[in-house]
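In what follows, chains are A, B, ... by sequence order, proteins preceding strands, each numbered from 1.
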2 protein chains.
Amino acid sequence: MKKTQPERGRPRAFDRDVALRRAMEVFWAQGYEGASVGDLTAAMGIERPSLYGAFGCKEALFREAVELYGREESGATGRALAREPTARAAVAAMLRDNAAVYVEPGKPPGCLVVLAALVGTPESAPVRQALAERRARVRAAIAARVRQGMAEGDVSRDADPDAIAAFYGTVLHGLSLQARDGMAKEDLLAICEAAMAAWDPLAAPS
Amino acid sequence: MKKTQPERGRPRAFDRDVALRRAMEVFWAQGYEGASVGDLTAAMGIERPSLYGAFGCKEALFREAVELYGREESGATGRALAREPTARAAVAAMLRDNAAVYVEPGKPPGCLVVLAALVGTPESAPVRQALAERRARVRAAIAARVRQGMAEGDVSRDADPDAIAAFYGTVLHGLSLQARDGMAKEDLLAICEAAMAAWDPLAAPS
DNA sequence: GGAGAAACATACCGATTGGTACATAAAGGA
DNA sequence: TCCTTTATGTACCAATCGGTATGTTTCTCC
């Protein structure tokens, strides 16, 4: 998978993966526009030209950081939706596990995809759109899981999977705001529980 | 109320209130750090020194803009919480009316208090905190309305007003994200309806 | 042991950031 | 009429923004 063929010139003096992870943490904490190239190089332990040589430009670095985040830090959603036996358990686990992840010590609270580029200058619109598409994919995944539940009989045939997904996606995204505002884990979990109180009226089979 | 005593020097050549409103719209659309002083003066129709003379600095202008927003653009929440006869109707109206306001044509979608300063450089931390406090006040107002419902008998005595407020506050804030992502009004309203499906399990008197 | 290729650090680029000095203009008070 | 006060437009400030040119170092290939 990782092709590290013997390279020609001078070998890179830093670990690209580690540097990318440091960059991700800066973007995660300060957002795309709030993270200056100086902030990034300082956290990555490299000089400017090394950053541009290895990643191209700030936006490309950010996109790689978002992919790394999706790969390593946001697995809870997909895991919950895939592994739980019913749609209800899947959504409940998705909320609960994300709430826990959003306040892990040593990491910026909340989700990078939600927080890193919500508003800003017109120049960064492509970056904002890229994150918006990732958020839309989460909503689509929830809707798909609800549809699966309808097919398997644990969700009412009269349920509206898109509306249910929009609601639980909204709660999920809202959790990132609360986490960034400093809310404690138990309060986030109480929000998840409260949101699940809507499940039966919305989706329970008759 | 408006003290316009005859002033001494040269009179201001622009309408301060109108200029502040234009600044508010820029902050609302682009956020605090995403709005440059050049963007602001262009929208306000004035030159830099006039801005600094009338408002002090960028941060002071932002704080005035936030107050103007609270006074003129975010009345739906307080109105709904104050006027509706039951806690349930109050929360439902709060969500519904805000959802409608969040997608009003000609205005930036979503709430300035939620969107304008979520992440950024360490220098703007005071601004972010000011908005976080405003968000906390909304949650406190919801909790107070639920407590009022408990006192008046339309909310169960076993209900947890802080948990209920945290949940509906999360949904309210999440609506701003969805609105900024371009969600249509009817879909936002469907989210509000879904959220209200949790009311009876959470708060209905036994 | 070159020769070529790639990464390194320093030092720089023009553009933009928030914020001002300064001279001028327009008002009220004496 | 003159003086004080305040606002205005131009032109500017140092600092920072994202991004590079350049000369040197360190590697592989022949």
**Message:** Suppose the criterion is side-chain hydrogen bond (donor to acceptor under 3.5 Å, both in side chains): which pairs have a residue in residues 45-66 of chain B, not counting sequence neighbours?
**Reply:** Arg16(B)-Glu64(B), Glu59(B)-Arg63(B)
**Complete:** Glu67(B) meets the side chain to side chain contact (heavy atoms under 4.5 Å, CB included) criterion, sequence neighbours left out, with Arg71(B), Arg134(B)
**Request:** Round to the nearest Å and state the distance from Phe55(A) atom CZ to dT20(D) atom P.
**Result:** 16 Å
**Request:** Measure the distance from NZ on Lys58(A) to P on dT16(D) and round it to the nearest whole Å.
**Result:** 15 Å
**DNA chain D: 5'-proximal contact among Arg12(B) and Gly9(A) (nearest heavy atom)** = Arg12(B)
**Prompt:** Can you list every side-chain hydrogen bond (donor to acceptor under 3.5 Å, both in side chains) pair that touches residues 143-152 of chain B, not counting sequence neighbours?
**Reply:** Arg147(B)-Asp162(B), Gln148(B)-Glu152(B)
**Prompt:** Taking the side chain of Arg8(A) as its heavy atoms from C-beta onward, which of dT4(D), dT8(D), dG4(C) lies nearest to it?
**Reply:** dG4(C)
**Message:** Could you tell me how far apart Phe62(A) (CZ) and dC17(D) (P) are, to the nearest whole angstrom?
**Reply:** 17 Å
Would you give me the side-chain donor-acceptor pairs under 3.5 Å for residues 121-128 of chain A, sequence neighbours excluded?
residue	atom	partner	partner atom	Å
Thr121(A)	OG1	Glu33(A)	OE2	2.5
Ser124(A)	OG	Glu33(A)	OE2	2.8
Ser124(A)	OG	Thr121(A)	O	3.1
Ser124(A)	OG	Arg128(A)	NH1	2.7
Arg128(A)	NH1	Thr121(A)	O	3.0
Arg128(A)	NH2	Thr121(A)	O	3.3

**Message:** Going by salt bridge (charged side-chain N to carboxylate O under 4.0 Å, His left out), name the residues that satisfy it together with Asp181(A), two or more places apart in sequence or in a different chain.
**Reply:** Arg135(B)
**side-chain hydrogen bond (donor to acceptor under 3.5 Å, both in side chains) contacts in which one or both residues fall within residues 93-105 of chain B, not counting sequence neighbours** = Thr77(B)-Asn98(B), Glu104(B)-Lys107(B)
**Asked** Does any pair with a residue in residues 69-90 of chain B pass ring-ring contact (aromatic ring centres under 6.0 Å, His included), and if so which ones, sequence neighbours excluded?
**Response** Trp28(B)-Tyr69(B)
**Request:** Within residues 27-41 of chain B, find the residues that approach DNA chain C with a heavy atom at under 4.0 Å, and present them sorted by residue number.
**Result:** Ala35(B), Ser36(B), Val37(B)
**Asked** Mind checking what makes side chain to side chain contact (heavy atoms under 4.5 Å, CB included) contact with Ala99(B), not counting sequence neighbours?
**Response** Leu175(B), Leu188(B), Leu189(B), Cys192(B)
**Asked** What integer distance in Å separates Ile46(A):CD1 from dG19(D):P?
**Response** 14 Å
**Message:** Assuming nearest nucleotide by heavy-atom distance, tell me which of Cys57(B) and Arg10(B) is located more 5' along DNA chain C.
**Reply:** Cys57(B)
**Fill in**
Heavy-atom contacts, protein to nucleotides 10-15 of chain C, under 4.0 Å, summarised as B (base), S (sugar-phosphate only) or - (none) per nt, yield B-----
**Message:** Output the rounded distance in Å from CE (Met44(A)) to C1' (dG18(D)).
**Reply:** 14 Å
**Asked** Sub-3.5 Å donor-acceptor pair from the side chain of Thr170(B) to the main-chain atoms of Gly174(A), do we have one?
**Response** no
**Request:** Go through residues 117-131 of chain A and report each residue with a non-hydrogen atom lying under 4.0 Å from DNA chain C, sorted by number.
**Result:** none
**Request:** Let me know the distance between CD of Glu59(A) and C1' of dG19(D), rounded to the nearest Å.
**Result:** 14 Å
**Request:** Report yes if a side-chain nitrogen or oxygen of Ser50(B) is closer than 4.0 Å to either non-bridging phosphate oxygen (OP1 or OP2) of dA7(D); otherwise report no.
**Result:** no
**Item:** Distance-minimising heavy-atom pair for Ala87(A) and Val155(A)
**Value:** CB-CG2, 3.5 Å
**Request:** Mind checking side chain to side chain contact (heavy atoms under 4.5 Å, CB included) for Met196(A) and listing every partner two or more places apart, or none if nothing turns up?
**Result:** Arg88(A), Val91(A), Ala92(A), Leu95(A), Tyr168(A), Trp199(A)
**Asked** Roughly, in whole Å, what's the span from OH in Tyr52(A) to P in dA21(D)?
**Response** 13 Å
